[in-house]
Protein chains: 2
Amino acid sequence: MTAQRRLLVGIIQDSPRHLDAAALLKIARKQDPDIDRATVYRTLALLKNRGLIDELDLMHIEGEKHYYEAKTNRDHCHMACFRCGAIMEYASSSFEKLKAEMVKQSGFHIRVVRLEVGGFCKRCQKGVTS
Amino acid sequence: MTAQRRLLVGIIQDSPRHLDAAALLKIARKQDPDIDRATVYRTLALLKNRGLIDELDLMHIEGEKHYYEAKTNRDHCHMACFRCGAIMEYASSSFEKLKAEMVKQSGFHIRVVRLEVGGFCKRCQKGVTS
DNA sequence: ATAACTGCAAATCTTTTGCTTACAG
DNA sequence: CTGTAAGCAAAAGATTTGCAGTTAT
């Protein structure tokens with residue numbers, strides 16, 4: 001693994017929020033001003049294929065870009081608030097059960113799971129028509 | 001609702017497979033050769049906002065485009081095979097339970113749910129290394 | 001009239017690719 | 001050596017937008 005890739009991985013792991021490619025590039029450039037967009041995208045593709053990161057859309061709340069996060073031991077759902085833009089995560093044994101059931105009933109071999117929810121968070125529900 | 005919109009809605013409802021904007025446009029043009037790409041996108045946005053259709057990514061198995069399907073009474077998961085490209089749907093009471101649990105525990109008001117799974121279907125698993 | 005819808009062309013945004021040079025095993 | 005990685009610039013693909021003309025209420 002090259003220094004640039006280590007840098008990118010480190011940034012993704014340390015980030016408290018989900019980063020898109022552009023944000024990741026911007027942060028990376030503080031450490032290595034010469035790093036290129038293409039390197040970021042190539043590294044993201046590589047990490048994704050190796051199963052080290054997950055790719056998210058976050059319900060396209062903010063354009064068509066993708067967001068990334070380091071793979072966690074437990075799959076979790078992302079809930080995106082259409083009003084305030086907050087992203088909440090949710091993991092539960094029910095989710096694990098559902099996955100197990102899917103595998104059992106369909107024989108599908110799961111490699112990646114993405115469960116995303118769009119709606120309104122608790123705080124934003126007041127005054128929301130629908 | 002205009003004639004063009006009705007046409008587009010009809011195509012989405014009748015399609016056995018998930019259509020992307022380009023495919024939808026192509027089909028629509030058989031009936032109305034003058035319909036424009038922009039109209040398709042504008043209509044899709046409108047239908048999505050009204051909750052009449054769901055937008056899917058199908059794990060980006062085939063590029064970054066989006067796919068659409070008429071909203072069904074029951075939310076379901078899409079499983080996409082990385083090898084053969086097959087898309088399988090999966091609905092179950094466990095999924096409903098999970099959603100109910102999420103609502104209860106987080107107070108989030110769910111408007112849209114998207115559960116997508118990538119991996120290998122039963123038939124494609126033979127000979128797959130990882 | 002007034003507001004919503006459409007076609008057209010151009011623009012925008014994100015992501016990918018070809019090519020050449022630089023580096024690592 | 002030989003393969004992989006990186007920078008750069010250009011391309012590609014999907015979606016959006018401004019504007020002017022059209023249709024519907």
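Per chain, numbering begins at 1; letters A, B, ... match sequence-line order. Note that the coordinates shown come from a computational prediction; the quantities given were computed from them, not determined experimentally.
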Where do [X] and [Y] come nearest, in terms of heavy atoms and distance?
X     : Y      : answer
A:F95 : A:L115 : CZ-CB, 3.8 Å
B:D36 : B:L25  : C-CD1, 3.9 Å
B:R74 : B:A91  : CD-CB, 4.3 Å

Could you tell me how far apart [X] ([atom1]) and [N] ([atom2]) are, to the nearest whole angstrom?
X     : N      : atom1 : atom2 : answer
A:N49 : C:dT16 : CG    : P     : 11 Å
A:D57 : C:dT14 : CG    : C1'   : 12 Å
A:H60 : C:dC13 : NE2   : P     : 17 Å
A:Q31 : D:dA6  : CD    : C1'   : 18 Å
A:K48 : C:dT14 : NZ    : C1'   : 13 Å
A:R29 : D:dC8  : CZ    : C1'   : 11 Å
A:M1  : C:dG25 : CE    : P     : 13 Å
A:D36 : C:dG18 : CG    : P     : 16 Å

Every protein N/O within reach of nucleotides 3-5 of chain C N/O, cut-off under 3.5 Å:
{"from": "C:dC5", "atom 1": "OP1", "to": "B:R5", "atom 2": "NH1", "distance (Å)": "2.5"}
{"from": "C:dC5", "atom 1": "OP1", "to": "B:R5", "atom 2": "NH2", "distance (Å)": "3.4"}

Between N or O atoms, less than 3.5 Å apart, protein on one side and nucleotides 14-16 of chain D on the other: list the pairs.
{"from": "D:dT15", "atom 1": "OP1", "to": "B:H66", "atom 2": "N", "distance (Å)": "3.2"}
{"from": "D:dT15", "atom 1": "OP1", "to": "B:H66", "atom 2": "ND1", "distance (Å)": "3.1"}
{"from": "D:dT15", "atom 1": "OP2", "to": "B:Y41", "atom 2": "OH", "distance (Å)": "2.6"}
{"from": "D:dT15", "atom 1": "O5'", "to": "B:Y41", "atom 2": "OH", "distance (Å)": "3.4"}

NZ/NE/NH1/NH2 to OD/OE distance under 4.0 Å, A:R114 and A:D54: no
Assess whether a salt bridge exists between A:K104 and A:E101, defined as any Lys/Arg side-chain N lying under 4.0 Å from an Asp/Glu carboxylate O.
no
**Report entry** Student check: side-chain heavy atoms of B:H60 and A:D57 closer than 4.5 Å
**Finding:** yes
Report task. Please tell me if the side chains of B:V112 and A:F82 come closer than 4.5 Å, counting only heavy atoms from C-beta onward. Result -> yes
task: Check the hydrophobic clustering (I, L, V, M, F, W, Y; side-chain heavy atoms under 4.5 Å; chains of links allowed) and say if A:M59 and B:L52 are grouped together.
output: no
Could you walk me through whether A:H66 and A:D20 satisfy the side chain to side chain contact (heavy atoms under 4.5 Å, CB included) test, starting with their C-alpha distance in whole Å, then the side-chain angles of each, then the deciding distance to 0.1 Å, before giving a yes or no?
CA-CA 6 Å; A:H66 296 124; A:D20 60 42; over 6 Å; no
